[in-house]
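Starting from 1, each residue takes its place in the sequence as its number. In each ligand, atom 1 is the first atom listed, and ligand 1 is the first ligand listed.
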Amino acid sequence: MCGIIGYVGKNKAVPYLIRGLEHLEYRGYDSSGIAVMEGNEVITVKTSGRIKDLKNKLAGIDLTAKCGIGHTRWATHGEPDDINSHPHSSMTGLFTIVHNGIIENYLSLKKELLSEGFTFKSSTDTEVIANLLEKYYEGDMLSALNKCRRVLTGSYALCILCRDFPDTVYGTRKGSPLLCGKSAGGIFFSSDTVALLPYTRDVFSLDEDETAIINKKGIKFFGNDGESKEKKSERVSLPEQSADKGDFPHFMLKEIFEQPRVLKSTLDSLIKNGELLPDLRELKKSFFALQKICFVGCGSAYHAGLAGKILTEKIGNITCIAETASEFRYGNVPLDNKTLCIFISQSGETADTLAALLKAKEKKARTLSVINVRGSSIARESESVIYTEAGPEIAVATTKAYTAQLICLYLFALCFAHERWQIKRDERDRLLAELRLLPAKAQKIIDERDKAELFCSLFDGKDEGWFIGRGSDYASAMEGSLKMKEISYINTGAYPAGELKHGTISLLEKGTPLVALCCEDRLFPKAFANIKEVKARGARVLILAKEKNARELSDEENVFLLPDTPDEFSSLLQAVALQLLSYYTALKRGCDIDKPKNLAKSVTVE
Ligand code: F6R
């Protein structure tokens, strides 16, 4: 993970670096730092904590440098203290670098460098790169970088200052993203477009093993062989919504509230003149020949994939699997040109999902991605893309991007099933009409948020809890449990309701909070029986069910009723209710809702 930034220009570098880091803070917020070139001297200021702590540390230090680099960290090697914060310098201070990625063979390289007399201050893998550069440098940066590349295993995006070239920043990458952009005020490196958009919309995306040099003369690109390269910039569109919290106390709540609008605009953007997913015309030609669909993502995006799998299998009559990207990339699912792999990612930068996509491409599978961030790495690498119209999502816990992913996958399933003649036009249109009602139903849940606020007392004084469900309710249970864990730090498990008796139920204690999802009509009696079983053993149960089941549940104590919707789409309404439940639980516990500990918004290392 981590976010890196570099600047060279006419103005003081520090304000640009700080502003860039603020945009990149979603990538990690354990610690941060900057290094600038004051004349021929490199000044480094870094600290554990948030960017605001770095700003406090910088207050009162007048740095006039017009060239520098910056970093915001999600710790991988070494705890997030001041010493392990980036930037890191080589032994003599000749090189100072910031790094996003992981050097897998850093220990053996470090041992070798130590035996050669190099010294280290931190426990990071990054300092190894700084010292390696020093080892290989003989006056030519490109040649030193190429020598480093030959011995480094892992992933890296680097911004580098070298004392020999005071007005220059070097950028290079392998496996982690690095972009470059030029404006009237200066030239920038950044881990992503968000930090560049305030200055320019014309962005250069560095290829694997490519190096860019930025200085007063402009930008120059070089290939792995050291040959100079011509490169064209891409025009990046500006996000329509601002990344401002407005009057909301948290981004998460604001983003939950945005869902009705996001769902509607996502639907509107994907249906043109009655045609579903018109941008997939080429891919649709392959639908009849497909034998299997794999849904792949990480965390919540995987849960969206699970819901997509359940629906596509049900109405599309095709074998589907859903797998986490970290398993898929090293697993053995047979892939060929009769397999469609669907990659789901809000950021479009998740390292495991990207690697899974590259593997699918190598095996000649067809590829489709469901992505929020336009121009992101996964979007660029995919054969076809469906964009969620969620706009910038700032809270670390995904809400609006998740439900927008669900709506895209529902629409895909309808389109697929219809194109493959598994459902008739009438049935497709009936389901489509129901899909169009989801934004208003999500709004109803948000309007009645006092229910979620009330039911969150279920978790009062508890550090553990359960979520159970069957079928698509199980996919929702997994998402509800993850959301609760990540923002409220309550250790919740998600279980298929029918599996409890096979072991897990032995853990159930009197008073254990348990959220039972029972929105699958056909499985309602089974789910209800499971509720009775856990209640008989003392669980404190909250039931999420459809309004139409109100009568059957009239004797139950805690029932959170959701608007009726066909089973096909109930996971979306459950998600909204569960987001509110975890939000209010975390609020009550005084947690840092938008930036939970140990997490980052975008996971760019595996
Ligand atoms: C949970 C959450 C994460 C992400 C996961 C994938 O609330 O946000 O589990 O869903 O890290 O991220 P993307 O969608 O960017 O690939």
Nearest-option assignment for atom 16 (O) of ligand 1, heavy atoms, candidates Leu599, Thr350, Leu482: Thr350
Heavy-atom side-chain contact between Thr512 and Trp466 under 4.5 Å: yes
Report yes or no: does Val396 have a heavy atom closer than 4.0 Å to ligand 1? yes
Keeping Arg27 on the side-chain end and Ser602 on the backbone end, is there a donor-acceptor pair under 3.5 Å? no
For atom 14 (O) of ligand 1, closest protein heavy-atom neighbour: Gln346 N, 2.6 Å
How does Lys483 reach ligand 1, if at all, at less than 4.0 Å between non-hydrogen atoms: by side chain, backbone, both, or neither? side chain
Contacting atoms of ligand 1, where contact means under 4.0 angstrom from a heavy atom of Ala301: 10 (O), 14 (O)
Has Ser85 got a side-chain atom pairing as donor or acceptor with Ser32's backbone, closer than 3.5 angstrom? no
Minimum side-chain heavy-atom gap Met478-Tyr474 below 4.5 Å: yes
Is a donor on one side and an acceptor on the other found under 3.5 Å between the side chain of Glu393 and the backbone of Gln346? no
Under 6.0 Å between the ring centres of His250 and Tyr583? yes
Pick whichever of Cys298, Pro596, Ala395 has a heavy atom sitting closest to atom 5 (C) of ligand 1. Cys298
Could you tell me whether Arg173 sits above the aromatic face of Tyr156, with NZ or CZ closer than 6.0 angstrom to the six-membered ring centre and within 45 degrees of the axis? no
Just by distance, do the side chain of Asp594 and the backbone of Ala395 share a donor-acceptor pair under 3.5 Å? no
Ranked by distance from atom 11 (O) of ligand 1, the top protein heavy atom is Val603 CG2, 4.2 Å
Do any N/O atoms on Glu486 end up under 3.5 angstrom from N/O atoms on ligand 1? yes
Can you sort out which atoms of ligand 1 are near Ser345, meaning under 4.0 Å from one of its heavy atoms? 13 (P), 14 (O), 15 (O), 16 (O)
Of all the non-hydrogen atoms in the protein, which one sits nearest to atom 15 (O) of ligand 1, and at what distance? Ser347 OG, 2.7 Å
Go through the steps to decide whether Gln579 and Thr399 satisfy the test side-chain hydrogen bond (donor to acceptor under 3.5 Å, both in side chains), and finish with yes or no. CA-CA 7 Å; Gln579 291 162 3; Thr399 52; 5.0 Å; no
To the nearest 0.1 Å, how far is atom 10 (O) of ligand 1 from its closest protein heavy atom, and which atom is that? Ser300 N, 3.2 Å
A student checking ligand 1 against Gly299 at a 4.0 Å heavy-atom cut-off should list atoms 9 (O)
Check if Ser602 has a non-hydrogen atom at a distance under 4.0 Å from any atom of ligand 1. no
